[in-house]
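Let me begin by presenting the structure, written as structure tokens, before commenting on it.
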Amino acid sequence: MDFIALSKIREENYDLLLKDLKKALTWDELFLPFPQREMPSMEDLLASQNALPYWDRTSHSVVLSDLVEGRLQGDIKGRYYRDSLNLSLKSSPLEEVEVHLHAKWVQRFEGATRLDRLLQKDLPEGVIQTYSGFDLEKQWWQADQQFRPHGYRVADTSLVSFPKLERIDGFWVSPDDPLLQKKRIKGRLQAKDPKKVRFKRKAYRPSLKLGWRYVQPRHEEVVFKLKQDFQTLSYKPSKRKILNLTVYDLIAREQLAHWGADLYYKREEQIDHQGSIYQARRSHRSSARFIDDTDEWENLGPSKTYPLQQHRGTFFKTDRGRKVVEQALDCAKAYLCSSSRCVDISFICPLEEALKWTCDHSITMTDERLPGGKAKGKIKKLTLEVIGETGRMRAYVTLGCCVGTGKEALVEDANSSEAYGMVGVLEESLPSQYIKTEGGVFYRYGDSEGAERGILYPAFLGAGDLLREVTISHDAKQQEENLQANQYPNSHNILEEFKGNGTKVQLRLEDLRGRRLEKTTLSLEILNPWSAPKHINLGGN
């Protein structure tokens with residue numbers, strides 16, 4: 001006879017367990033894209049836990065049961081058929097888990113910076129002096145003009161001019177000079193007489209404000225290896241497992257505007273107001289208060305929360321990013337723990353002995369044939385058998401045993417503890433840069449590759465960061481030298497040198513165009529290997 005127990009209460013309790021797990025600290029929703037976060041599977045919720053769901057066959061309650069330690073304890077005490085005892089190795093424990101944790105986003109930031117102070121800093125009296133003011137005014141930037149390199153535009157600009165009152169000696173001009181021909185006065189100047197001419201010198205006070213935009217696709221990766229401390233066995237441990245994890249939807253894909261009074265909104269335009277997303281039912285102009293416009297908007301639900309601000313150039317070194325890293329460490333521990341439970345102890349016992357047991361029991365067995373004479377394991381399989389023809393009633397039990405060392409070593413091996421001057425390193429004496437997870441793993445950020453490339457924090461950029469160099473060519477001083485070298489009798493055209501050599505201002509700016517994709521790899525240094533409990537003594541460490 002086969003009895004199949006189905007219960008609607010069990011399904012309801014299972015759903016309640018799912019809801020509770022979604023609120024647990026051991027679950028991080030960032031490992032799933034937004035559409036899947038509302039209905040995560042049990043496998044997703046338990047990816048970082050050493051636990052499985054347990055369904056009680058009598059009460060139909062559904063709870064979490066630890067993978068290696070049951071909530072209830074039992075002792076067989078020899079009440080089993082001795083010939084049925086069997087010890088087997090089901091697999092080899094993993095030596096280590098190598099984790100690659102990925103995050104991808106597009107870093108964006110817009111700002112506006114005034115450059116007046118830097119433009120005027122190295123100028124005499126903070127002004128540009130020139131004899132060719134028309135050329136300077138002509139080439140000066142205009143408002144809303146795009147500025148090269150791409151990513152800049154002129155937000156505000158001015159070039160205030162005033163005459164320079166300082167008296168300057170004149171320059172000798174040839175009577176055949178085109179300049180003198182234009183200024184000849186009849187009867188007062190002989191054709192062959194040179195003349196001393198003073199040129200008008202101007203001063204300009206520059207002002208420039210640049211709007212800028214920084215856009216940089218980023219890929220940040222955290223790499224670490226979590227080793228497992230297990231008993232020395234006569235076989236070679238398995239190769240390491242490589243685990244690739246990705247975090248999703250770190251920033252909003254589009255930035256929604258906030259509601260404002262007396263603004264024009266188009267039909268189907270979306271806004272973010274007080275934690276909710278609204279969509280305009282029709283084109284309209286907003287009133288003085290949002291409550292007066294409720295008929296114009298359709299509520300699409302609460303705003304999505306994003307853990308990373310759009311302008312940040314790093315995620316895993318933020319507080320929220322560190323939580324994800326620790327979650328990845330717990331995922332690695334879960335894989336190591338599962339692989340460590342690799343020894344099975346099976347036996348047959350009378351039915352009445354096993355009726356009180358469940359798959360949430362840990363059973364202690366003492367038998368001289370076992371390694372170390374004693375072992376403990378969690379029931380992973382329990383079969384109750386009743387044969388009507390013979391009246392035989394038996395229970396078939398399988399225990400899963402871990403081959404860990406059961407100790408939480410704070411260093412990778414015994415010899416490395418000497419570096420700290422003691423055999424057992426206390427937690428208080430650890431270097432301050434190490435962080436401890438709730439699961440007892442000590443880690444710190446090690447070397448990084450590519451972390452210095454790009455601008456990590458564009459929100460803090462100032463004028464000195466954006467303006468790399470100011471070059472003013474052919475100013476008044478240089479022009480005076482040219483005039484002196486080109487005056488009579490050295491030349492018959494004193495202004496010849498001015499052609500194409502008017503005063504110019506050139507700026508070298510930080511290139512904000514970014515790279516096509518900026519990848520940064522951060523490595524974690526794990527101070528201590530992880531260890532599963534020691535359920536059986538195989539004669540090793």
Side-chain angles (χ1 to χ4, degrees), residues 22-23 29-30 32-39 103-116 141-147 150-158 207-218 247-315 318-321 455-463 466 512-514:
K22 286 173 61 177
K23 302 175 184 177
E29 62 179 10
L30 295 185
L32 291 179
F34 255 122
Q36 301 178 27
R37 292 179 187 176
E38 288 299 321
M39 297 293 293
K104 293 182 179 180
W105 72 97
V106 178
Q107 180 188 8
R108 301 176 185 270
F109 190 78
E110 294 187 14
T113 305
R114 187 166 288 281
L115 308 179
D116 299 7
W141 299 278
Q142 303 298 317
D144 294 326
Q145 176 182 342
Q146 295 298 317
F147 207 102
H150 299 298
Y152 294 91
R153 66 174 182 84
V154 179
D156 184 31
T157 181
S158 66
S207 177
L208 185 64
K209 182 180 181 181
L210 294 182
W212 49 275
R213 180 177 60 183
Y214 182 67
V215 180
Q216 175 62 68
R218 288 196 174 274
V247 291
Y248 300 90
D249 297 314
L250 297 179
I251 61 174
R253 291 180 181 152
E254 62 177 274
Q255 295 293 312
L256 297 181
H258 294 274
W259 182 86
D262 197 28
L263 295 177
Y264 181 78
Y265 293 98
K266 295 181 179 180
R267 182 175 177 269
E268 296 185 350
E269 184 176 354
Q270 294 183 359
I271 62 168
D272 189 341
H273 180 67
Q274 294 182 350
S276 296
I277 304 297
Y278 292 88
Q279 181 172 287
R281 293 191 171 97
R282 62 188 68 86
S283 299
H284 68 281
R285 183 171 291 278
S286 60
S287 305
R289 300 183 305 168
F290 180 80
I291 194 172
D292 299 329
D293 285 343
T294 52
D295 293 339
E296 305 289 346
W297 297 98
E298 178 184 359
N299 192 335
L300 301 181
S303 306
K304 297 177 180 178
T305 56
Y306 296 89
L308 182 63
Q309 293 180 337
Q310 199 175 41
H311 66 271
R312 295 296 294 267
T314 179
F315 171 66
T318 64
D319 291 339
R320 186 64 181 88
I455 302 172
L456 296 183
Y457 308 104
F460 300 124
L461 290 178
L466 298 176
L512 299 182
R513 290 173 294 180

Report summary line: For Arg37 and Leu32 the tightest heavy-atom approach is NE-O, 2.7 Å
Query raised in the report: Does the side chain of Thr314 come under 3.5 Å of the side chain of Arg218 through a donor N or O and an acceptor N or O?
Result: no
Query raised in the report: Would Ile277 and Asp272 satisfy side-chain contact (heavy atoms from CB on, under 4.5 Å), going step by step from the backbone distance to the final call?
Result: CA-CA 5 Å; Ile277 304 297; Asp272 189 341; 4.1 Å; yes
Query raised in the report: Given Phe290 and Ile271, is the side-chain contact (heavy atoms from CB on, under 4.5 Å) satisfied, shown in steps?
Result: CA-CA 12 Å; Phe290 180 80; Ile271 62 168; 4.2 Å; yes
Report summary line: Closest non-hydrogen atoms of Gly211 and Ala155, given as atom of the first, atom of the second and distance, are N-CB, 3.9 Å
Requested in this report: Determine yes or no for a side-chain-to-main-chain donor-acceptor pair under 3.5 angstrom, with Ser286 supplying the side chain and Asp262 the backbone.
Outcome: yes
Report task. Could you tell me whether a side-chain N or O of Trp259 sits under 3.5 Å from a main-chain N or O of Gln274, the two making a donor and an acceptor? Result -> no
Query raised in the report: Looking only at atom types and distance, does a side-chain atom of Asp116 sit under 3.5 Å from a main-chain N or O of Leu208, one as donor and one as acceptor?
Result: yes
Query - Check: Val154 and Asp144 side chains under 4.5 Å, non-hydrogen atoms - result: no
Query - Residue pair Leu512, Gln216: steps toward the side-chain contact (heavy atoms from CB on, under 4.5 Å) verdict - result: CA-CA 8 Å; Leu512 299 182; Gln216 175 62 68; over 6 Å; no
Query raised in the report: Do the rings of Trp212 and Phe109 sit parallel, tilted or perpendicular, given the 30° and 60° boundaries?
Result: tilted
Report task. Flag the pair Tyr214 / His311 as yes when at least one side-chain heavy-atom distance between them is below 4.5 Å, and no otherwise. Result -> no
**Report entry** All salt bridge (charged side-chain N to carboxylate O under 4.0 Å, His left out) counterparts of Arg282, not counting sequence neighbours
**Finding:** Glu296
Report summary line: Heavy atoms of Tyr152 and Gln146 approach each other most closely as O-OE1, 3.4 Å
Query raised in the report: Within the side chain of Lys22, is there an N or O that forms a donor-acceptor pair under 3.5 Å with the backbone of Glu38?
Result: yes
Query raised in the report: Is a side-chain N or O of Arg320 found less than 3.5 angstrom from the main chain of Phe315, in a donor-acceptor match?
Result: no
Query raised in the report: So, Gln145 side chain and Gln142 main chain: donor-acceptor pair closer than 3.5 Å or not?
Result: yes
